[in-house]
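The structure under discussion appears below in the form of structure tokens.
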Amino acid sequence: MPAISITTPKPFDFDLTASHQTHYRGIAGADVYEGGVYYRALRRGSRVLVAAVSESSGGRGLDVSLEDGASDSDLAYAAQAVAGLLGLDADLSGFYDTLTADPVLARTVASLHGLRPTRTENVFEALVVAVIGQQISGAVARVIRDLLVRTFGTPAEAHGHALFAFPTPHVLAEAGHDELRAMKLSNRKAEYIHGIAIKTLDGTINDGHLAGLEDEEAVEELVKCRGIGRWTAEWMLIRALGRPDVMPAGDLALKRVVSQLYFDGADITESQLADFGRERWSPYRGLATTYLFSHLRRERAQNETGPDAAV
DNA sequence: ACCCAGGCATTGG
DNA sequence: CCAATGCATGGG
């Protein structure tokens, strides 16, 4: 099986990072983490490559394997894509310095040392996943996201696993309203996602262009799209572009966790959270957000399968 | 049977 | 310009 090694930066915890990417549940959308191997179906042009990623036996990096027939060029592509998905290119040193100055945050995320800010494959994936997650609980969002990926994603049988590449803008743009509604999306969200697919196809939403914009410029441009508000734009910047200083201050769960950790449970407003984050965590508000959410996700997943998993 | 959940667009003051 | 309202669905 063709494979390529990639060296990893420090600090880096592969298990933590792959678990975070799959919401500590082994599968989340197009991402799968099972038996110590992270699987992801990647799009390269019109083809799909399935990467299987595991720690090198030497422990000095990662091995990325593709199916037989993959070229050296495919391997180089996959190595680069996996490095992005796992956030290996992020710089954590400044954030860890911030942690030493914030004992509350440091204690909360103490067991997340080496977690990397993982990413989606592209802007479209992040936007669609964010729209799905608007207003509803993580549990509901997961059901809808996984259904969408299994229904409209590109199946890729490889490494003995049935995997799916994330649906293309083309497929979702071609899908009828009733087909999207069947994904348990609301009428509105079905329209939003359809529109985002169209705008991605016609270049109105363009990864390279957005990557060249400052955080706030990108938000201002994205919120012109129907269905994309500030919250959705900010999550896209974090998830797709790995922006380290973006914080979705309107996020209900983030408000709650910051309230509990820093304000004795008292309700805080969006602007209070924005001020707090700017003063306390700049310029690493995005990394603080990622770590806090990883903490929440893991707690929730453990509570469901943990103490009284009476099976 | 309610009520809430990692928002958004629309409407009405 | 700010406040209220409907939306779809699964879990508590």
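Computed from a predicted structure; not experimentally measured. Throughout, protein chains are lettered first and strands after them, A, B, ... in sequence-line order, and every chain is numbered starting at 1.
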- request: Give A:Ile228 one of three labels, base, sugar-phosphate or nothing, depending on what nucleic acid heavy atoms sit under 4.0 Å from its own.
  value: sugar-phosphate
Any carboxylate oxygen within less than 4.0 angstrom of a Lys/Arg side-chain nitrogen, looking at A:Glu304 and A:Arg300? no
From CG of A:Asp146 across to P of C:dT9 the rounded distance in Å is 17 Å
Residues 115-124 of chain A vs salt bridge (charged side-chain N to carboxylate O under 4.0 Å, His left out), sequence neighbours excluded, gives A:Arg40-A:Glu121, A:Asp89-A:Arg119
- Query: Do A:Asp178 and A:Arg181 sit within salt-bridge range, that is, some charged N less than 4.0 Å from a carboxylate O?
  - Reply: no
Sorted by chain and number, sequence neighbours left out, side chain to side chain contact (heavy atoms under 4.5 Å, CB included) with A:Val131 holds for A:Gln134, A:Lys189, A:Tyr192, A:Ile193, A:Ile196, A:Thr232
#### Entry: Non-hydrogen side-chain atoms of A:Tyr96 and A:His113 separated by less than 4.5 Å
yes
> NA contact type, A:Arg142, heavy-atom cut-off 4.0 Å: base, sugar-phosphate, or nothing?
Replying inline: nothing
So, with a heavy-atom separation below 4.0 Å from DNA chain B, the residues of residues 234-257 of chain A are A:Trp235, A:Gly250, A:Asp251, A:Leu252, A:Ala253, A:Arg256
Is it the case that atom NE2 in A:His170 sees more than 12 heavy atoms from other parts of the structure closer than 6.0 Å? no
ask   = Using the benzene-type ring in the case of Trp, are the ring centres of A:His20 and A:Phe293 under 6.0 Å apart?
value = no
Residues at least two apart in sequence or cross-chain that pass side chain to side chain contact (heavy atoms under 4.5 Å, CB included) with A:Asp267, listed by chain then number, are none
Contact check, residues 175-187 of chain A vs DNA chain C, heavy-atom distance under 4.0 Å, returns A:Arg181, A:Lys184, A:Ser186, A:Asn187
5'-most contact on DNA chain C (nearest-nucleotide basis), A:Gln134 vs A:Ala139, goes to A:Gln134
Centres of the A:Tyr38 and A:Phe14 rings: under 6.0 Å? no
Here the residues of residues 16-31 of chain A within 4.0 Å heavy-atom distance, strictly under, of DNA chain B are A:His23
Applying side chain to side chain contact (heavy atoms under 4.5 Å, CB included) to A:Gln80 and not counting sequence neighbours gives none
A:His23-A:Asp31 side chain donor-acceptor pair, cut-off 3.5 Å: no
Residue pairs meeting salt bridge (charged side-chain N to carboxylate O under 4.0 Å, His left out), one or both in residues 243-260 of chain A, sequence neighbours left out, come to A:Asp215-A:Arg243, A:Asp245-A:Arg285
Taking only the P atom of each, what is the distance from B:dT11 to C:dA8 in whole angstrom? 15 Å
Applying side chain to side chain contact (heavy atoms under 4.5 Å, CB included) to A:Asp74 and not counting sequence neighbours gives A:Arg44, A:Arg47, A:Leu49, A:Leu66, A:Ala70, A:Ser71
Chain A vs DNA chain B, heavy-atom contacts under 4.0 Å, first-to-last nucleotide span, 5' to 3', is B:dA5 to B:dT10
### Message
For a 4.5 angstrom cut-off between non-hydrogen side-chain atoms, does A:Phe166 reach A:Arg43?
### Response
no
Checklist entry - Less than 6.0 Å separating the ring centroids of A:Phe276 and A:Tyr262? => result yes
Rounded to whole Å, CD of A:Gln135 lies from P of C:dT5 at a distance of 15 Å
Besides A:Val143, the hydrophobic cluster formed by Ile, Leu, Val, Met, Phe, Trp and Tyr side chains linked at under 4.5 Å, directly or via other members, contains none
Practice task
For B:dG6 versus C:dA4, give the span between their P atoms, rounded off to a whole number of Å.
Solution key: 22 Å
Result for 5'-nearest mapping on DNA chain B, choosing between A:Arg226 and A:Lys189, is A:Lys189
Sorted by number, residues from residues 269-292 of chain A placing a heavy atom under 4.0 Å from DNA chain B are none
